[in-house]
2 protein chains.
Amino acid sequence: METYTEVRKFVSRFVILNEEEWNAVLPLIKTRYLKKNDYFVREGEVAKYISFTEEGYLRVLYNHDGTEITRDISPLHSFVTALPSFISHKPSFEIIQAITDCKLFIIYRDDLENLYNHYINWQKVGRRIMEEMFVETQNRIYSFITQSAEMRYKEMMNKFPDIFLHVPLQYIASYLGITSQSLSRLRKSIQFSEE
Amino acid sequence: METYTEVRKFVSRFVILNEEEWNAVLPLIKTRYLKKNDYFVREGEVAKYISFTEEGYLRVLYNHDGTEITRDISPLHSFVTALPSFISHKPSFEIIQAITDCKLFIIYRDDLENLYNHYINWQKVGRRIMEEMFVETQNRIYSFITQSAEMRYKEMMNKFPDIFLHVPLQYIASYLGITSQSLSRLRKSIQFSEE
DNA sequence: GCTTTCTTTTAACAAATGGTAAAAAAGTAC
DNA sequence: GTACTTTTTTACCATTTGTTAAAAGAAAGC
């Protein structure tokens, strides 16, 4: 029997739920395993679930004139979905793919909607998580405006050191907004300036 | 007596409220006028209100080593606050300033919190608006990753033509992530390629 | 209206990043 | 283990954007 310890820890950062509220979500959670490179959301498919990365890393990308643009790499123990599709019920231009083998906890959109509509505190959880993710994304905007690629790279190393152990550099380069050749050059120059 | 037509229109895009729910917000809304260059949130001040720009334009900026970085320019009829401060109750590093004379509808954080806690549908409005703003911000991340400054400029021209009538170019340059000199050069080269 | 201040533009050079191509390294499949 | 595929690195040149400084233009104050 799953205990969903990490999910509960995550949710508790925003709203403290009583036992009834917490128990309401338990029957809605399914477990899904993905192998490396499997898709969680394919291009053109409607995103019907939200997922929590219990184990492993996902990336959110899209196809830009044949080039894969990685917009996000999910940290461990975070919620991920292709939000534009999830909220509009329209086909997703965003693709979600497993970077490593993954164990995901997923909830159907309709189940989540139900939960939201029956429990004001779950509605609040949804709002608070969105607020937090919005602020995170704003900070990333600031980093694009004010920082060089090198600084963005170094900050990412500090903030998510574990990601560098599991995620190909080309995805990281795209996340940082540069080509993998530029990232390679950056890494080389950093290496020399450190020695 | 204010009718808050634009606010209602905005909110209705997300959730249809019944009269009781709608009426609940009316006593919470205050009107505030700002002159050009007045501050809505000062640096170091806690953001105690959210505002809706009934008239005029606000910008969200912060001080980066003495340079003002404009992270956002509010379109007409949109909600604005310094969210990190608003949700954490901590002093704001973000500054919100009037670019033009403004008429704002504002709601105190505590009043809004109350509204959220008494009406699940208002909680839902908050969540849905946050989702939407999050998606908007994600799209801006994509534009930083995939587009040149010139393309970002052109897209902004298409999307917010009114902003260019009211907002100094230096703020727009910062919003686009470039210097005002670079924007000036861009505009010149676009002008020649059009003729 | 004149002066002062702030904003925008211009220019020349510097630095950062992209594009193309190919080699090297690492990972995967059989 | 070998062949094959994918990822990362290297190199060279092109392009974009930044930096510094100054001039031109526009707005604000008196």
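No hydrogens, no waters, no symmetry mates; every other heavy atom, side chains included, goes into these values. In this text, all values refer to a predicted model and were calculated from it rather than measured experimentally. In what follows, every chain begins at residue 1, and chains take the letters A, B, ... in the order their sequences are listed.
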Considering only heavy side-chain atoms of B:K188, the closest of C:dT17, C:dT7, C:dT10 is C:dT10
Interatomic distance where NE2 belongs to A:H166 and P belongs to C:dG27 [whole Å] | 14 Å
N or O in side chain of A:T179 less than 4.0 angstrom from C:dG18 OP1/OP2 = yes
5′-ward residue of the pair B:A149/A:S180 relative to DNA chain D = A:S180
Of the candidate nucleotides C:dT8, D:dT20, C:dG18, which contains the atom at the shortest distance from the side chain of B:Q181?
-> D:dT20
In whole angstroms, the gap separating C1' of D:dA11 from CG of A:L183 amounts to 17 Å
Between P of C:dA25 and CD of A:Q170, the distance in whole Å | 18 Å
Is A:R187 near enough to D:dT9 that one of its side-chain N or O atoms lies under 4.0 angstrom from OP1 or OP2?
-> yes
Are the side chain of B:N117 and the backbone N or O of B:E113 linked by a donor-acceptor pair below 3.5 Å?
-> yes
Nearest-nucleotide comparison on DNA chain D, the residue closer to the 5′ end among A:V167 and B:R152 = A:V167
For B:K35 and D:dA27, what is the distance between atoms NZ and P respectively, to the nearest whole Å?
-> 18 Å
Find the distance A:I178:CD1 to D:dT9:C1' and express it as a whole number of Å.
-> 14 Å
Please answer whether the main-chain N or O of A:Y142 pairs with a side-chain N or O of A:T146 as donor and acceptor at a distance below 3.5 Å.
-> yes
Where the side chain of A:L186 is concerned, which of C:dT8, C:dT17, D:dT17 is the nearest nucleotide?
-> C:dT17
Take the protein atom CG of B:D101 and the nucleotide atom P of D:dA28, then report the distance between them rounded to whole Å.
-> 11 Å
Let me see the working for B:R59 and B:Q97 under side chain to side chain donor-acceptor pair (under 3.5 Å), right down to the final yes or no.
-> CA-CA 5 Å; B:R59 67 173 181 137; B:Q97 189 180 24; 3.1 Å; yes
Taking the side chain of A:S148 as heavy atoms from C-beta outward, which of D:dT9, C:dG19, C:dT17 is closest to it?
-> C:dT17
Has A:S182 got a side-chain N or O lying under 4.0 Å from the OP1 or OP2 atom of C:dT17?
-> no
Near B:Y39 OH, under 6.0 Å, is it more than 12 heavy atoms from other residues, nucleotides or ligands?
-> no
Spacing between A:R185 atom CZ and C:dT20 atom C1', to the nearest angstrom | 13 Å
Considering only side-chain heavy atoms of B:S184, which listed nucleotide, C:dT17, C:dT7, C:dT9, is closest?
-> C:dT9
Phosphate oxygens OP1/OP2 of D:dA27: is one of them under 4.0 Å from a side-chain N or O of B:K36?
-> no
Should the pair B:R185-B:E150 be classified as a salt bridge under the 4.0 Å nitrogen-to-oxygen rule?
-> no
Atom-pair distance (CG on B:N37; P on D:dA27), nearest Å = 14 Å
